[in-house]
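As the structure is a computational prediction, the values presented were derived from the model and not from experiment. The sequence lines fix the lettering, A, B, ..., with proteins before strands; numbering per chain opens at 1.
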Amino acid sequence: MPFTLATWNINSVRLRKGLVAQLMREEGPDVLCLQECKSPVDKIPVEVFQELGYDHMVANGQKGYNGVAILSKLPIQEVGREDFAELGHARHIAGQLENGVTIHNFYVPAGGDKPDREVNVKFGQKLDYLTEMRDWFHANKPEKSILVGDLNIAPEEDDVWSHKQLLKIVSHTPIEVEHLAQVQDAADWVDVTRRDIPEGKLYSWWSYRAKDWDAADKGRRLDHLWATPDIAEACGNSRILRHVRGWEQPSDHAPVFAEVDL
DNA sequence: ATGGTCGCGAGGCGA
C-alpha cells in the first residue's frame with residue numbers, strides 16, 4: 001500500500017495548529033513529521049489532528065524549545081529516541097509503521113552564528129550531534145528506513161541562493177557539509193528529494209527577516225527526506241510546497257513531501 | 001559590518 005510522507009518545521013505546533021490542519025486537509029499526507037513543536041507532548045493539540053483522521057502520534061517534546069512529533073493516519077509505534085551530544089534536547093523520535101518502515105524524525109541543532117567551535121559552543125554542539133548521528137547509524141544499520149527533518153544544513157551549491165556568499169555562513173560551511181555527508185554515508189542514505197528534483201535551485205526555508213521572501217528568494221534547503229537503499233526505489237514524487245511559506249502567519253519552512261510505494 | 005523578524009513567555013534566548 002502506497003503512502004505519502006511529509007516533513008515540516010512548524011515553529012510552534014500550538015500557534016500554528018490551524019496551518020497543520022490546513023496542510024492535512026489540502027494534502028492529506030498519511031504521515032506528517034513536525035519539528036520545532038516548542039511544546040511539551042501533553043500540550044500538543046492532538047484533538048485537532050484526530051478530527052482529520054490523524055489518530056496516531058509519537059512525539060518527543062519539551063517546553064518552549066525544539067520538539068519533534070510524527071502525526072499519522074496509520075498506526076505507528078515508537079521505536080526510539082536519542083539525545084545525541086547529550087544536550088538534553090527533544091530533537092529525535094523514531095517510529096515504525098505496520099508495513100515495517102521505520103521513520104527517523106530529526107531536528108539538528110542550528111549551530112549559532114559563528115562557524116567556529118572555539119568561540120561558539122553551539123557550533124561545536126552541532127558538529128558533535130552530527131558525529132554522534134553518524135556513529136549511531138554505523139552501530140545500528142537501518143533497513144527499510146526513512147530519515148526526515150530539519151537538518152539545518154544545505155549541502156549542495158544549488159541548495160542555497162548564493163554558494164559563494166554562504167560559504168562562511170552557518171548551514172553551508174564546508175565542515176558542516178562534510179559532517180552531514182558522513183551521516184549520509186553511514187547508512188548509504190539516498191537524498192530522495194534531490195534524486196527526484198536534480199536540477200536547479202531548491203529551497204525549503206526562507207528567513208522571516210527578508211522584507212519580501214518570495215521576491216528576494218534567498219532560500220536554503222535545510223529540510224531533508226532520505227531513504228535507505230532497500231526502499232529508495234519505492235520512494236518518489238518528491239515535492240516542496242513553496243506556497244505554504246506564503247500562508248497567513250507562516251512557518252519560515254515549507255513542507256517537503258514524498259510518496260512511498262512498497 | 002550590521003540589522004533585519006519571529007516564538008516563547010515575560011526579559012532575553014534561540015533561530
Side-chain angles (χ1 to χ4, degrees), chain A residues 7-23 33-45 48 59-69 83-92 105-117 119-130 148-155 159-162 164-173 175-177 179-180 203-224 242 244-256:
Chain A
T7 178
W8 192 15
N9 179 316
I10 191 60
N11 188 15
S12 175
V13 70
R14 283 182 280 173
L15 186 69
R16 279 184 252 282
K17 64 186 178 188
L19 294 195
V20 174
Q22 186 175 349
L23 188 76
C33 300
L34 300 176
Q35 302 86 35
E36 278 206 273
C37 296
K38 295 186 172 178
S39 173
V41 172
D42 62 7
K43 293 212 166 70
I44 296 174
V48 176
N60 184 4
Q62 67 182 88
K63 182 174 146 74
Y65 300 94
N66 311 310
V68 288
D83 179 23
F84 296 124
E86 297 175 323
L87 301 174
H89 296 173
R91 296 183 176 276
H92 172 251
N105 182 12
F106 278 99
Y107 176 49
V108 170
D113 282 336
K114 290 197 161 50
D116 178 353
R117 70 187 308 156
V119 300
N120 171 16
V121 173
K122 290 193 186 64
F123 193 73
Q125 290 174 341
K126 181 178 194 174
L127 298 181
D128 292 345
Y129 193 96
L130 293 160
V148 302
D150 178 1
L151 305 185
N152 265 314
I153 297 172
D159 294 339
V160 294
W161 63 274
S162 169
K164 282 188 176 175
Q165 287 180 253
L166 288 175
L167 273 171
K168 294 181 178 176
I169 301 298
V170 172
S171 74
H172 193 61
T173 64
I175 191 168
E176 290 170 89
V177 172
H179 276 65
L180 188 66
Y203 314 137
S204 65
W205 173 88
W206 295 260
S207 172
Y208 284 127
R209 297 176 188 178
K211 64 180 73 146
D212 185 341
W213 71 273
D214 195 27
D217 201 21
K218 293 184 173 179
R220 307 177 199 170
R221 189 171 71 102
L222 304 179
D223 303 276
H224 298 269
R242 178 187 175 110
V244 170
R245 177 63 177 80
W247 284 357
E248 190 75 23
Q249 198 175 16
S251 167
D252 45 355
H253 294 253
V256 179

Report summary line: Separation of B:dA15 atom C1' from A:His89 atom NE2, nearest Å, is 13 Å
Query raised in the report: Checking all strands, does A:Arg91 fall into the base, sugar-phosphate, or nothing category for heavy-atom contacts under 4.0 angstrom?
Result: sugar-phosphate
Query raised in the report: Nearest to the side chain of A:Tyr107, which nucleotide is it out of B:dA15, B:dC13, B:dC6?
Result: B:dA15
Query - Sugar-phosphate, base or nothing in reach of A:Lys211, heavy atoms under 4.0 Å - result: nothing
Report task. Determine the contact category for A:Gln62: base if any of its heavy atoms lies under 4.0 Å from a base atom, sugar-phosphate if only primed atoms, P, OP1 or OP2 are that close, otherwise nothing. Result -> nothing
Requested in this report: Classify the ring geometry between A:Phe106 and A:Phe84 as parallel (under 30°), tilted (30 to 60°) or perpendicular (over 60°).
Outcome: parallel
Query raised in the report: What integer distance in Å separates A:Tyr65:OH from B:dC8:P?
Result: 11 Å
Query - Pair A:Asp113-A:Lys122, salt bridge (charged side-chain N to carboxylate O under 4.0 Å, His left out): steps then yes or no - result: CA-CA 9 Å; A:Asp113 282 336; A:Lys122 290 193 186 64; over 6 Å; no
Query - Whole-Å distance separating the OH atom of A:Tyr208 from the P atom of B:dT5 - result: 13 Å
Query - Separation of the P atoms in B:dG9 and B:dT5, to the nearest angstrom - result: 22 Å
Query - Euclidean distance, atom CD of residue A:Glu36 to atom C1' of B:dC8 [Å, nearest integer] - result: 11 Å
Report task. For B:dC13, take OP1 and OP2 only and decide whether either is under 4.0 Å from a side-chain N or O of A:Lys122. Result -> no
**Report entry** Test side-chain hydrogen bond (donor to acceptor under 3.5 Å, both in side chains) applied to A:Ser171 and A:Glu176, step by step
**Finding:** CA-CA 7 Å; A:Ser171 74; A:Glu176 290 170 89; 5.7 Å; no
Query raised in the report: Is there a side-chain contact between A:Leu151 and A:Leu180 (heavy atoms, below 4.5 Å)?
Result: yes
Query raised in the report: More 5' along DNA chain B: A:Asn9 or A:Lys63, using each one's nearest nucleotide?
Result: A:Lys63
Requested in this report: Among the candidates B:dA15, B:dG9, B:dC8, find the nucleotide nearest to the side-chain atoms of A:Ser12.
Outcome: B:dC8
**Report entry** Shortest side-chain distance from A:Arg14, nucleotide among B:dC6, B:dG9, B:dG12
**Finding:** B:dG9
Requested in this report: Check whether any side-chain N or O of A:Gln249 sits under 4.0 Å from OP1 or OP2 of B:dC6, and answer yes or no.
Outcome: no
Requested in this report: Rounded off to whole Å, could you give me the CG-to-C1' distance for the A:Asn66 and B:dG14 pair?
Outcome: 9 Å
